[in-house]
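As the structure is a computational prediction, the values presented were derived from the model and not from experiment. This chain uses plain numbering: 1 for the first residue, then up along the sequence.
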Amino acid sequence: MLARLRSMVPALLVVLVVAAGMWAVSFPNEPPADFVFINGTEPRSLDPQRVTGQPEGRLVGSLFEGLLRWDPRTLEPRGGLAKNWTVSADGLIYTFYLRPACWSDGEPIDAFGVIAAWRRMLDPATAAEYAYQIWSVKGAKNYSVGLIAKGDFVEVELDGPPVDPQLPFARGRVVRGVLENIDSLDSRDNSSLSREPTREGFSDQWIYTVNGQRYAAASHASTRTGDAIAARCILPDFQTTVGLHAQSDTLTVELQRPTPYFPQLLAFYPLAPVPMHVIDRYGSPGWTSQKHMVSSGPYRLGFRRLRDRIRLVRNDLYWDRESVKIGSIDALAIESSSTAFALFTTGAVDWNTSIPPFAARTLIKRESPELRTSPELTIGFYRINTTRAPLSDKRVRQALSLALDRTDIVQTVFGPGEVPSKSFVPSGIESFTGYIPAATIQENADLARQLLAEAGFPKGKGFPRITLSFNADEGHQMVAELVQAQWKEQLGIDFELVSMEWGAFLHSQSTLDFWIARSGWIGDYVDPNTFLDLFVTGGANNQTGFSSDSYDALIAAAADETDRNRRNNLFRDAEMILMQELPVLPLFVRTSKNLVAPWVRNFHNNPLDIHPLSALDIDSQARDIGRRGGR
């Protein structure tokens, strides 16, 4: 197979193969891993509560075990840290029965630890982008956004030395009581106002009275706050307002409303418990270092070499260690899909997640058995920063969408597999949920020019030169160059293309420091909600500045609706608004493409392109033959 793969691609591959072979042997200090795969880029973090990307998810999903975990073939949730669970008749109460399990340092994992980890995820100071995933838990949203008002039972975290000097990063001493008043520093009575405090400055203008004692932010000078005691944060009382309750081996979760996909969420990596005993001692991100990290999943962190690889080593204290067949795994941080493909052809890589477009087209055409393709619930799109003029004008956004030739993009860059998108929710979800996406996207260059002229830019005159950014990847660059050419030809406007390193690219989106940016979204679970709840006002993954009261109301109503048809209709109405306002430009629905060596076992296609590393196995004899040139 090695020789056949080389014959399928341009002569440039020969050079890449040689370079890849040299790269693969240029780090002789450690013995080779049992399994090697391309992870695409340098992970931003290994903290499950601080990441959202697929490269991070592959790793943290192997390092940390959730209450539930994915079935590698069907993606149905099955027992993880919880050996089983029950659901009340009204769908509001989940009870999870935890199995005996421990962290990789031997510390036991119990229900109290799960709650402590989820409290960290909801804490505004953590800034977890996926915190909203558990807002269906009673009281979780109010705690997460810090929403408090007079009469609420609250918790006040005091400023000062840690309670335990051995745990310098733990929470400070917490005082609980009724919030009796909220006063401004200039003595105006604002006790009826609700606030959204954060640890960084929740009371720049306010003093809070709890149990007769006044509290103010530690940053205030004492001359301004009088007798007020310095506090780090004031939040709703977690113990009494959030629907999480524990006994040592039993966790009870009380939901605000029935959430049919809640078990699927618990198999999703951000909800995996994290080791609070380590985080309290070493802080964040210090706890994720090679020296300090402990894990609960099938693997632990062996070592991390920036811009090279992360090695995972089988966790001998994992509760299901007998089922983990591969002893060590290297995840290579390689952004170039051409280099990644070349490494695969040398036999140095067992699984390649990044295939250059020119190779994918040829491999699909020749039906290569090593190429695994599958329809995927993933949308490729461009985010638009709607807070910046002229992109704040809906007519400009509509013109940009109408001027795109999505079929040309798909056929030129991807070839067979990808499908031009007419909606934001990917086509293909119908067979799982019955939801029919609002396929309203049109392509009409004449109408695009008319709308752009109405917005004040006839034939593109006067339109500022702004940027179209993307993370470094050949495919992303090819798409951007085509889009740039189409907008230039059809609208007379030009954009500067900016290629960015992954971490900087993610930061630019989360801080709205961009104009137009490449994006993609893989469903976190199989439901239209995982795509449409992204764009509620202020949502951590909104990252467009888009806000619509009508849209928010429809998403909220869908969350409360238990009838499947009525729920789908609410989602469809919301998607219609999204496709009219266009804070995003849908481009294509992705087909997953993985190159998998013939000696890899238990690799199963699925609509979320999730492949648990602990489920994989290797035929060692076939691998040895293949790496000697028989592949």
Practice task
May I ask you to decide if the ring planes of F414 and F588 are parallel, tilted or perpendicular, using 30° and 60° as cut-offs?
Solution key: tilted
Problem - Contacts of D405 that satisfy salt bridge (Lys or Arg N to Asp or Glu O under 4.0 Å) - sequence neighbours left out - result: none
Handout entry: Pairwise side-chain contact, F463 with L452, heavy-atom cut-off 4.5 Å (strictly under)
Key = yes
Problem - Heavy-atom neighbours of L512 CG exceed 12 at 6.0 Å - result: yes
Practice task
For the residue pair Y435 and F571, categorise the inter-ring angle as parallel (less than 30°), tilted (30 to 60°) or perpendicular (more than 60°).
Solution key: perpendicular
Exercise for the section: Might you confirm whether atom CD of E481 has over 12 heavy atoms from other residues, nucleotides or ligands at distances under 6.0 Å? Expected result: yes
Handout entry: Audit row: F495, W515, side-chain contact (heavy atoms from CB on, under 4.5 Å) steps and yes/no
Key = CA-CA 10 Å; F495 288 77; W515 290 89; over 6 Å; no
Handout entry: Neighbour count above 12 (heavy atom, 6.0 Å) for K141 NZ
Key = no
Problem - Any V137 side-chain heavy atom under 4.5 Å of Y143 side chain - result: no
Problem - V413 backbone acceptor or donor facing R361 side chain under 3.5 Å - result: yes
Exercise for the section: Indicate yes or no for a side-chain donor-acceptor contact from W118 to the backbone of L271 under 3.5 Å, with no hydrogens or angles considered. Expected result: yes
Practice task
Specify the closest pair of heavy atoms between T591 and E418, including all atoms of both residues, with the distance to one decimal.
Solution key: N-OE2, 3.1 Å
Handout entry: Whether E129 side chain and T52 backbone form a donor-acceptor pair below 3.5 Å
Key = no
Handout entry: Donor on one side chain, acceptor on other, E581 and S548, under 3.5 Å
Key = no
Problem - Check: S592 and T378 side chains under 4.5 Å, non-hydrogen atoms - result: no
Practice task
Would you please test L391 and I466 for side-chain contact (heavy atoms from CB on, under 4.5 Å) and show each step?
Solution key: CA-CA 10 Å; L391 301 178; I466 59 182; 4.0 Å; yes
Exercise for the section: Could you grab the distance from atom NE2 of H476 to atom CZ of R518, nearest 0.5 Å is fine? Expected result: 3.5 Å
Exercise for the section: Give, for atom CD of Q49 and atom CG of D123, the distance between the pair rounded to the nearest 0.5 Å. Expected result: 10.0 Å
Practice task
Report yes or no: does R406 contribute a side-chain atom to a donor-acceptor pair with the main-chain N or O of P586 at less than 3.5 Å?
Solution key: yes
Handout entry: Side chain proximity check, H611 to R58, heavy atoms < 4.5 angstrom
Key = no
Practice task
Please test F470 against V479 for side-chain contact (heavy atoms from CB on, under 4.5 Å), starting from the C-alpha separation and ending with a verdict.
Solution key: CA-CA 10 Å; F470 52 92; V479 172; over 6 Å; no
Handout entry: L608 vs Q264 side-chain heavy atoms within contact, under 4.5 Å
Key = no
Exercise for the section: Hey, could you give me the CG/CD1 distance between L265 and I134, rounded to the nearest 0.5 Å? Expected result: 9.0 Å
Problem - Exam field: side chain S295 to backbone Y299, donor-acceptor pair closer than 3.5 Å - result: yes
Problem - Close side-chain approach of I279 and M276, heavy atoms under 4.5 Å - result: yes
Practice task
Enumerate the residue pairs fulfilling side chain to side chain donor-acceptor pair (under 3.5 Å) with a member in residues 351-360, sequence neighbours excluded, ordered by first and then second residue.
Solution key: W351-N594
Handout entry: Plane angle bin for F424 and F531 - parallel if under 30°, tilted between 30 and 60°, otherwise perpendicular
Key = perpendicular
Practice task
Classify the angle between the aromatic ring planes of Y525 and Y261 as parallel (below 30°), tilted (30 to 60°) or perpendicular (above 60°).
Solution key: parallel
Exercise for the section: Would you confirm whether E430, through its side chain, and G428, through its main-chain N or O, come within 3.5 Å as a donor-acceptor pair? Expected result: yes
Problem - Test side-chain contact (heavy atoms from CB on, under 4.5 Å) applied to I38 and T339, D330, L595, L332, the passing residue - result: L332
Problem - N541: side chain to side chain donor-acceptor pair (under 3.5 Å) partners, not counting sequence neighbours - result: Y132
Handout entry: Gap separating the CE atom of M293 from the CG atom of L46, nearest 0.5 angstrom
Key = 4.5 Å
Completion exercise
Looking only at heavy atoms, the pair that brings P273 and G66 closest together is CD-CA, 4.2 Å
Exercise for the section: To the nearest 0.5 angstrom, please state how far the CD1 atom of I522 sits from the CD1 atom of I610. Expected result: 8.0 Å
Exercise for the section: Salt-bridge test for D609 and K593: reply yes if a basic N is under 4.0 Å from a carboxylate O, no otherwise. Expected result: no
Practice task
Without swapping roles, check the side chain of S289 against the backbone of P285 for a donor-acceptor pair under 3.5 Å.
Solution key: no
Problem - side-chain contact (heavy atoms from CB on, under 4.5 Å) between L468 and Y382, worked out - result: CA-CA 9 Å; L468 171 58; Y382 281 164; 3.8 Å; yes
Exercise for the section: Check whether the side chains of E335 and T41 place a donor and an acceptor atom closer than 3.5 Å, and report yes or no. Expected result: yes
Completion exercise
Closest non-hydrogen atoms of L147 and P236, given as atom of the first, atom of the second and distance, are O-CG, 3.4 Å
Exercise for the section: Decide if atom CE of M478 counts as having more than 12 heavy atoms of other residues, nucleotides or ligands within a radius under 6.0 Å. Expected result: yes
Exercise for the section: Determine whether S421 and L587 make a side-chain contact, defined as any pair of heavy atoms from C-beta on separated by less than 4.5 Å. Expected result: no
Exercise for the section: Would you kindly say whether T288 and D47 are connected by a side-chain donor-acceptor distance under 3.5 Å? Expected result: no
Problem - Contact check, side chains of W135 and S144, non-hydrogen atoms, under 4.5 Å - result: yes
Fill in the blank from the handout: Heavy-atom closest pair (S427 atom, L377 atom, distance to 0.1 Å) is O-CD2, 4.5 Å
Completion exercise
On a heavy-atom basis, the closest approach of T537 and S547 is OG1-OG, 2.7 Å
Handout entry: R383 side chain to S519 side chain, donor-acceptor N/O pair below 3.5 angstrom
Key = yes
Problem - Main-chain N/O of E42 paired with R307 side-chain donor or acceptor, under 3.5 Å - result: no
Exercise for the section: Please answer whether the main-chain N or O of A403 pairs with a side-chain N or O of R449 as donor and acceptor at a distance below 3.5 Å. Expected result: no
Exercise for the section: Ignoring hydrogens and angles, state whether a donor on the side chain of Q543 or S510 is under 3.5 Å from an acceptor on the partner side chain. Expected result: no
Practice task
With rounding to the nearest 0.5 Å, note down the distance linking CD1 in I364 to CG in L371.
Solution key: 6.0 Å
Practice task
Determine the minimum heavy-atom distance between I384 and L582, stating which atoms define it.
Solution key: CD1-O, 3.9 Å
Practice task
Please answer whether the main-chain N or O of T530 pairs with a side-chain N or O of D524 as donor and acceptor at a distance below 3.5 Å.
Solution key: no
